[in-house]
Amino acid sequence: MNTISENLEPSLHKRKLKKIAVFTSGGDAPGMNAAIRAVTRAALANKLKVVGIRRGYQGMIEGDFIPLKSSDVSGILQLGGTILKTARSEEFRTPEGRFKAYQQLKNAQIDAVVVIGGDGSFTGAQVMSKEYEISFVGIPGTIDNDMYGTDYTIGYETALNTVVEAVDKIRETARSHGRIFFVEVMGREAGLLALTSGIACGAEVILIPESTVQTEELNSFLRKGYKSKESSGIVIVAEGDQSGGAMCIAEEARKAHPDLDVRVSVLGHIQRGGSPAAKDRVNATRMGVAAVDALLDDQHSVMIGIANEKIVLVPFNKAVKLNHVIDTNLIEIHRLLNR
Ligand code: F6P
């Protein structure tokens, strides 16, 4: 992997920043609060003032800022969602919107900003930092785990556990009734959550946008293995699968195999909620501390990542432009066990 700095752990030399801001942007993800807490406390430990920006870039435009003290981030580590709230801002996409946002940061004497979000959020930061003298460092927060340059994004572990718990329950009713369940998992453009949850649940078929081979597997699964009314099975469908999502695929299956008892379950936003898993808390904490450290080391326009369990810095232009490539071994493993 190409990173500008590998194996970076918090260093001790600190530059003279005075006030930083932190905010969450795009889809929320469990563990974002742990990151807010870590950024706040690491900054305070380095004698920086900290401001929380509420409601993402829209709040930046409107100057919706709150000072953050250590006690303000107490008791939030275990909470899902984001205490700073989040939003997707159309106004920030315009030069006028970004000018307003810059004015607000300047008036509040904010020197640098930590943005917690996905690629859309980092693209916004990249554009603004080219137009104005403001440093951004990013922390990847999305349940999709689809960012280039990092093995983990905050929220993925929790969402994975949520999906597994839900599908295990669906499996019980599927077995009892001899039904085929098409379960739709989030991931508009990314199938990793579907793939790994499918493996963890022993799903018979997994359909993801990054691969088309499984469509044939679905057909043979429906044709061969499940003729008996007593049989049951789980087909995991990533939301963004090109075949049209679980509803469409199930409809096709019903038409082609009227003898099958088919049901659909769309897990939806339940996957974005819940108390963060331990790994998300630990990773969010490490990334939060590393983000402050990066700013103090005069870094900007970089995402904090974790690769091979080590903190790394990934330039925004790589993090947002390059794709997180799905490990095809995972697909092969699943196929091997479900022949
Ligand atoms: O956070 C990423 C994600 O969960 C995608 O997997 C999903 O397609 C999208 O967000 C849905 O977001 P929203 O409902 O907030 O538009």
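Treat the numbers as computed from the prediction; the structure is a model and nothing was measured. One-based numbering, in listed order, for ligands and for the atoms of each.
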Only heavy atoms count here, so choose which of Arg188, Arg272, Arg88, Glu189 is nearest to atom 3 (C) of ligand 1. Arg272
Going by distance only, is there an N or O of Met186 that falls short of 3.5 Å from an N or O of ligand 1? no
Say you draw a straight line from NE2 of His269 to CD of Gln271; how long is it, rounded to the nearest 0.5 Å? 9.0 Å
Ionic contact status for Arg171 with Glu204, cut-off 4.0 Å: yes
Which value, rounded to the nearest 0.5 Å, describes the distance between Asp293 atom CG and Ile311 atom CD1? 9.5 Å
Show the atoms of ligand 1 that are less than 4.0 angstrom away from any heavy atom in Glu239. 6 (O), 7 (C), 8 (O)
How long is the gap from CG on Leu336 to CG on Asn329, to the nearest 0.5 Å? 11.0 Å
Test: Arg272 and Asp28 ion pair at under 4.0 Å: yes
Specify the protein heavy atom at minimum distance from atom 6 (O) of ligand 1: its residue, its atom name, and the distance to 0.1 Å. Asp144 OD1, 2.7 Å
When you look for heavy atoms under 4.0 Å from ligand 1, do you find them on the side chain of His269, its backbone, both, or neither? side chain
For Ile143, atoms of ligand 1 separated by under 4.0 Å from a heavy atom: 4 (O)
